[in-house]
Amino acid sequence: MKKLIILCLLCLPLFVTARPVITVISLKLTEVEKGYVEESGRKPRIEFSGSNSLEPELLEAQQDQEGNWYFLIPNPREQYAKLTVWGNGQATIFITPGMETEVFVLPDKGFRYKGDGSAINNYLNTAPLCGISSEELQCDEEEFIEAYEKGLKIACQKMTEAKLGKHFTKIEEQRLQLLFACKFGMYASIFGEVNKKESYTPSQHFKEYATRLFHENDELMFLDEYWRLAWDVVTFNWQAPVNIQNREDETFSKINFVLDRFKGEKLREQMIASFVTTHIRNAGLKDTARIEPLFRQYVKNPKIVKIHNDLCSQLTSDTDKILKKLEQQGVKKCPSFKFKDINGKEVALEDFKGKYVYIDCWATWCGPCKKELPYLGKLEEKYKDRNIVFVSISSDKDVAAWKKMVKMDKLGGVQLNIGTDRTFHNALKISSIPRFMLIDPEGNLVSDNAPRPSNSQIEILFDSMKGL
């Protein structure tokens, strides 16, 4: 009997379900700070680093009966995360399995921690954030490189002096190196705009220096900074093919660049998924014959595949809705207009009777408007022999700047400027640009908010119109 009891005790663990390891993070807010959260209507949340780039992994806080906010994280892995308390700020936090910590939110002083991991997280509260200073943006490239090297050295020294243990110190040193390296991409993207040097492009030396800072290692995929720096490598080194014809050519070329440049399966998967999903979100499903097979070949993560499939289903449904709405909405007359073209000649909507009219409401100072111009040009070229005219209506007050851009960029179609007459815009409640619309040969509105030229749904719309 004794031997039987001992045998049963030895076997008992096989039938007991292991308890989950739970991390508890409690937020300590003053009544005023609680008011900020309630006023915003947004719960405090944690965004986990290194999660799926297409749909970041988020966790919202819960409230107890007394109104205190807290997070329960079952079976967490060791990782960085962003803790956001609306109206009070955001902080980087390092999460470990089973930790119990209290977070005190201090106005204008960031977050303070008490409990497990408090030394590490109090350090992170003062550690550099992913950003670039105005002083750095005033530097030329060589001065910027010097500032980068100096800043990284100081940050690593400060981290070492904090004596946070060998394990975390090794991880944090890798993060800091990536964090500072990401500044190169930020500098390259906004230096020209900040310093009013529109012709600025990074030198070859600058791009090569930045590229050398990236060392491929799939084990670092849990760091957002690793992912961002990999993107910078693509930005600095990918070159558009000379024979590029459309958005699919561009996406296809970028995917092949990734396959040639990177070897890590996880990094390849994330990048290819991001390229294809971004392509579909911007251009629809029409031009995916070459990129969809690459997605299926290299992307195996079930969560990412589901996001992709759901998006494809939704877009198919959206296209059907557009065409169905056109059938149901009935006739709606487009308000007339009469604006001057680049030569001072007055042009009216009635001048285009008998033709479809695709209107682009834009301005030279509007960034999103200018991004659509190359796609608008390709659309004009594709439908140049069809029964449609392309009209661009600028709301630029600086008429000279508008004329200069039209001539220098050789913009096609009919180019008009509203001057001080906002009657047309007010009638259609145009409060933001770019705004596109399609008018039928009788002057009726087919759509007063038509798809943009960069969205392949516009071609579906055009091809569904009788007589176009």
Side-chain angles (χ1 to χ4, degrees), residues 47-58 77-81 130 171 174-175 177-186 188-189 202 207-241 243-285 287-313 315:
E47 180 177 337
F48 298 100
S49 177
S51 57
N52 174 11
S53 61
L54 302 182
E55 192 175 90
E57 185 182 353
L58 303 172
R77 56 185 172 84
E78 188 177 71
Q79 63 195 306
Y80 291 90
C130 186
I171 298 173
Q174 292 173 317
R175 188 186 76 91
Q177 289 173 347
L178 295 167
L179 180 75
F180 274 78
C182 287
K183 289 174 178 279
F184 282 80
M186 299 177 202
S189 64
K207 293 190 289 187
E208 288 176 354
Y209 187 102
T211 299
R212 287 196 300 269
L213 298 177
F214 180 78
H215 303 285
E216 193 171 350
N217 181 358
D218 257 6
E219 292 183 1
L220 297 180
M221 285 290 290
F222 74 98
L223 294 172
D224 285 342
E225 295 80 4
Y226 177 81
W227 172 246
R228 283 198 295 267
L229 189 56
W231 273 111
D232 288 344
V233 171
V234 177
T235 302
F236 283 135
N237 295 280
W238 174 78
Q239 294 182 343
N243 60 341
I244 190 169
Q245 296 294 320
N246 52 41
R247 189 186 288 271
E248 187 183 19
D249 286 345
E250 178 181 325
T251 304
F252 185 72
S253 174
K254 286 181 176 179
I255 291 174
N256 281 306
F257 174 86
V258 166
L259 293 173
D260 290 339
R261 177 62 176 78
F262 303 113
K263 304 304 177 187
E265 292 183 5
K266 292 181 180 178
L267 182 57
R268 280 179 164 188
E269 179 180 60
Q270 288 276 0
M271 287 199 144
I272 291 172
S274 184
F275 280 135
V276 174
T277 302
T278 300
H279 174 99
I280 292 173
R281 283 173 176 163
N282 291 332
L285 300 170
D287 299 315
T288 58
R290 287 177 295 160
I291 62 176
E292 183 69 16
L294 291 173
F295 178 93
R296 299 298 175 188
Q297 180 179 351
Y298 291 100
V299 180
K300 304 300 181 183
N301 185 312
K303 290 183 179 179
I304 299 178
V305 172
K306 184 179 186 304
I307 292 171
H308 174 81
N309 292 343
D310 289 348
L311 176 62
C312 292
S313 299
L315 285 176

| Within 45° cone and under 6.0 Å: Arg77 NZ/CZ vs Phe222 ring | no
| Between CG of Asp218 and CZ of Arg268, what distance do you get to the nearest 0.5 Å? | 10.0 Å
| field | Atom pair CZ/CD of Phe275 and Gln270 - distance to nearest 0.5 Å | value | 12.0 Å
| task | State, yes or no, whether a side-chain contact exists between His308 and Val276 at a heavy-atom distance under 4.5 Å. | result | yes
| query | Given side chains that start at C-beta, do those of Leu294 and Gln297 come closer than 4.5 Å, heavy atoms only? | reply | yes
| field | Close side-chain approach of Glu269 to Glu265, heavy-atom, < 4.5 Å | value | no
| task | Kindly determine whether His215 and Gln174 satisfy side chain to side chain donor-acceptor pair (under 3.5 Å), including the steps that lead there. | result | CA-CA 11 Å; His215 303 285; Gln174 292 173 317; over 6 Å; no
| CD1 of Ile304 to CD1 of Ile272: how many Å apart, nearest 0.5 Å? | 10.5 Å
| message | Would you say that more than 12 heavy atoms from the other residues, nucleotides or ligands in this model lie under 6.0 Å from the CD of Glu78, or not? | response | yes
| note | Tyr226 meets the ring pair (Phe, Tyr, Trp, His ring centres under 6.0 Å) criterion, sequence neighbours left out, with Phe214
| request: Mind running side-chain contact (heavy atoms from CB on, under 4.5 Å) on Arg296 and Val305 for me, showing each step along the way? | output: CA-CA 8 Å; Arg296 299 298 175 188; Val305 172; 3.8 Å; yes
| Going from CZ on Phe184 to CG on Leu213, what distance comes out if it is rounded to the nearest 0.5 angstrom? | 5.5 Å
| field | Minimum-distance pair of heavy atoms, taken over all atoms of Ser49 and Asp224 | value | OG-N, 3.1 Å
| task | Measure the shortest side-chain to side-chain distance between Met271 and Trp227 over non-hydrogen atoms and say whether it is less than 4.5 angstrom. | result | yes
| task | Report the residues that fulfil side chain to side chain donor-acceptor pair (under 3.5 Å) with Glu216, sequence neighbours left out, ordered by chain and then residue number. | result | none
| said: I need the full list of side-chain hydrogen bond (donor to acceptor under 3.5 Å, both in side chains) pairs touching residues 248-257, with sequence neighbours left out, sorted by first then second residue. | reply: Trp238-Ser253, Asp249-Arg290, Glu250-Lys254, Thr251-His279
| field | Polar side-chain atom of Ser189 near backbone of Met186 as donor-acceptor pair, under 3.5 Å | value | yes
| remark: Sorted by chain and number, sequence neighbours left out, salt bridge (Lys or Arg N to Asp or Glu O under 4.0 Å) with Lys266 holds for none
| message | With a 4.5 Å cut-off on side-chain heavy atoms, are Val234 and Arg261 touching? | response | no
| Going by heavy atoms in the side chains, are Leu267 and Met221 under 4.5 Å from each other? | yes
| Rounded distance [0.5 Å steps], CD1 in Ile255 versus CG in Asp260 | 12.0 Å
| field | Side-chain (Gln79) to main-chain (Phe48) donor-acceptor, under 3.5 angstrom | value | no
| said: Quick check for you: to the nearest 0.5 Å, what is the distance between Phe295 atom CZ and Thr288 atom OG1? | reply: 11.5 Å
| Can you name the residues that form a side chain to side chain donor-acceptor pair (under 3.5 Å) with Glu208, not counting sequence neighbours? | Gln204
| task | Not counting sequence neighbours, which residues clear salt bridge (Lys or Arg N to Asp or Glu O under 4.0 Å) with Arg228? List them please. | result | Glu225
| Are Val233 and Phe262 side-chain neighbours, meaning at least one heavy-atom pair lies under 4.5 Å? | yes
